[in-house]
Protein chains: 2
Amino acid sequence: MAQSGNETPVPRRDTYTPESLLAVAVEVFNERGYDGTSMEHLSRAAGISKSSIYHHVRGKEELLHRAVSRALDGLFGILEEPGASSGRAVERLEQVTRRTAEVLMAELPYVTLLLRVRGNTETERLAMERRREFDQRVTDLLEAAAAEGDLRVDVDLRLATRLLFGMINSIVEWYRPEAGGAAGGEQVADAVVRLAFDGLRR
Amino acid sequence: MAQSGNETPVPRRDTYTPESLLAVAVEVFNERGYDGTSMEHLSRAAGISKSSIYHHVRGKEELLHRAVSRALDGLFGILEEPGASSGRAVERLEQVTRRTAEVLMAELPYVTLLLRVRGNTETERLAMERRREFDQRVTDLLEAAAAEGDLRVDVDLRLATRLLFGMINSIVEWYRPEAGGAAGGEQVADAVVRLAFDGLRR
DNA sequence: GTCTATACCGTGATAGAC
DNA sequence: GTCTATCACGGTATAGAC
């Protein structure tokens, strides 16, 4: 993500960085819920003591903050990608839909946590606000596509955006990258685009 | 819901019953998350002391149990309704889709809580299991509809079921009955069925 | 049916040795 | 960078008066 410059030439072996600790913490947060996770749970999962965790991060909420920020950066990155700003709106919308599903799967644990945040702390409220901002950008895209006459007219646009995101976001409830089985990431993204734009019916 | 027979002729005025206390508790659970809610929070919301709550229920988890049971009873009720067992499968599926959305909105706080349960306690694990059972019943319906040739063949059925439920369930994230505005329950249910079966595209 | 007072434990976080 | 020991606090739940 950030530049891996020429300092610290090779990742160290054993000791934790805030980043590697984050990966562990986010897994636990997603299993037990953020509020349901104690520092004791985290310390056991990381294999170090509670107080060692405080050497790397200021506390539980900093871990949450880092996690949701990473997810949000991934999502907003989609809007900067080439192709997100030219061409027919419905095609841009289709591309954003596919990329959102892909980013969600690529950054699965981080986005999962983001989507479950309820607004109890300042960190959570900030995350919710940025998320709404992203949603709004996509709503704008739907409006543009509707103005170009490419969307059905019998469904409210805000409602459609919400249901579209509902479908995409629900991927976090069951997608697990290791189990390639009947659900590789490509296949999932394809299915989302097909169902969202053309529906279930033959 | 239950019979309002001739005993207890009129609901009492002021004092709490387990049922009326439940309504308050579920609201708070949904705002703060179950784990994020303390008995102190509940007591403030109910306007009685912590210990008074224990007069009505055994503890926090009993409130959770009552809430998710109510949600699950509503959902399984759909499968018993007339029309859910005869006729073309794709039409039964459409009907179940609409009814699921409707029940979700009618029992909004209870279903919301059900959908957010993560499996930390025995109550939660039981709820998750019954929920999976419901999902399976709907997957069966998709299989039947596919066998009758009414569904598109380029999307995996389990995947389609999950995305369908993802769309329906996401209603709890934003639907609020009081704000009739652009989103009456009828309109939402219609939109879900249209998008799920025929897609966004004109 | 509600209250105040309290038991008892797990929580997030810190101090200071190694 | 990690540990053990400890702190103050808030958590669920109970006892017993009114």
Side-chain angles (χ1 to χ4, degrees), chain A residues 7-8 10-68 113 117-124, chain B residues 8 10-68 113 117-125:
Chain A
E7 292 217 350
T8 5
V10 160
R12 292 201 204 78
R13 304 167 306 288
D14 211 356
T15 186
Y16 277 113
T17 63
E19 207 60 19
S20 65
L21 185 60
L22 180 62
V24 174
V26 170
E27 291 296 328
V28 185
F29 286 159
N30 284 330
E31 267 172 39
R32 312 187 58 92
Y34 177 70
D35 285 313
T37 302
S38 72
M39 295 301 278
E40 185 72 30
H41 290 135
L42 292 183
S43 81
R44 271 201 287 266
I48 59 178
S49 71
K50 271 197 294 178
S51 44
S52 294
I53 294 179
Y54 287 94
H55 180 79
H56 301 287
V57 294
R58 302 172 90 94
K60 204 171 115 172
E61 197 167 356
E62 183 178 321
L63 289 165
L64 180 65
H65 182 80
R66 284 172 183 268
V68 296
L113 194 54
V117 132
R118 304 251 39 97
N120 287 352
T121 68
E122 198 53 38
T123 299
E124 300 183 45
Chain B
T8 5
V10 161
R12 291 201 204 78
R13 304 165 309 286
D14 210 358
T15 186
Y16 277 113
T17 63
E19 206 61 19
S20 66
L21 183 61
L22 180 62
V24 175
V26 169
E27 290 298 326
V28 186
F29 287 158
N30 284 329
E31 266 172 40
R32 314 188 56 93
Y34 177 70
D35 285 313
T37 301
S38 72
M39 296 300 280
E40 183 72 31
H41 291 135
L42 292 184
S43 81
R44 270 202 288 266
I48 59 177
S49 72
K50 276 195 290 179
S51 44
S52 294
I53 295 179
Y54 288 93
H55 180 80
H56 300 289
V57 293
R58 303 173 88 93
K60 205 171 117 170
E61 197 167 355
E62 181 177 323
L63 289 164
L64 180 65
H65 182 80
R66 284 171 183 268
V68 297
L113 193 54
V117 132
R118 306 250 40 94
N120 287 352
T121 67
E122 198 53 39
T123 299
E124 300 184 45
R125 283 187 285 276

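Below, chain A is the first sequence line, B the second, and so on; all start at residue 1. This is a predicted model, so every value here is computed, not measured.
- Think of the region where chain A sits on DNA chain C: with heavy atoms and a 4.0 Å cut, that region ends 5' and 3' at C:dT11 to C:dA15.
- Looking only at atom types and distance, the side chain of A:S52 has no donor-acceptor partner in the side chain of A:H55 under 3.5 Å away.
- The minimum heavy-atom distance linking A:A45 with A:V28 is given by the pair CB-CG2, 3.5 Å.
- Other residues, nucleotides and ligands contribute more than 12 heavy atoms inside 6.0 Å of the NE2 atom of B:H56.
- The shortest heavy-atom contact between B:D35 and A:R32 is OD2-O, 3.9 Å.
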Should B:Y54 and B:E62 be marked as a side-chain contact (heavy atoms from CB on, under 4.5 Å) after you check the CA-CA gap, both sets of side-chain angles, and the distance that decides it?
CA-CA 10 Å; B:Y54 288 93; B:E62 181 177 323; over 6 Å; no
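- Taking all atoms of both residues into account, the shortest heavy-atom contact from A:A25 to A:L42 is CA-CD2, 3.8 Å.
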Could you go through the side-chain contact (heavy atoms from CB on, under 4.5 Å) check for B:E31 and A:R118 one step at a time?
CA-CA 7 Å; B:E31 266 172 40; A:R118 304 251 39 97; over 6 Å; no
For nucleotides 10-12 of chain D, which of its nitrogen or oxygen atoms have a protein nitrogen or oxygen under 3.5 Å away, and what is each distance?
from: D:dT12; atom 1: OP1; to: B:T37; atom 2: O; distance (Å): 3.4
from: D:dT12; atom 1: OP1; to: B:M39; atom 2: N; distance (Å): 3.4
from: D:dT12; atom 1: OP1; to: B:K60; atom 2: NZ; distance (Å): 3.2
from: D:dT12; atom 1: OP2; to: B:M39; atom 2: N; distance (Å): 2.5

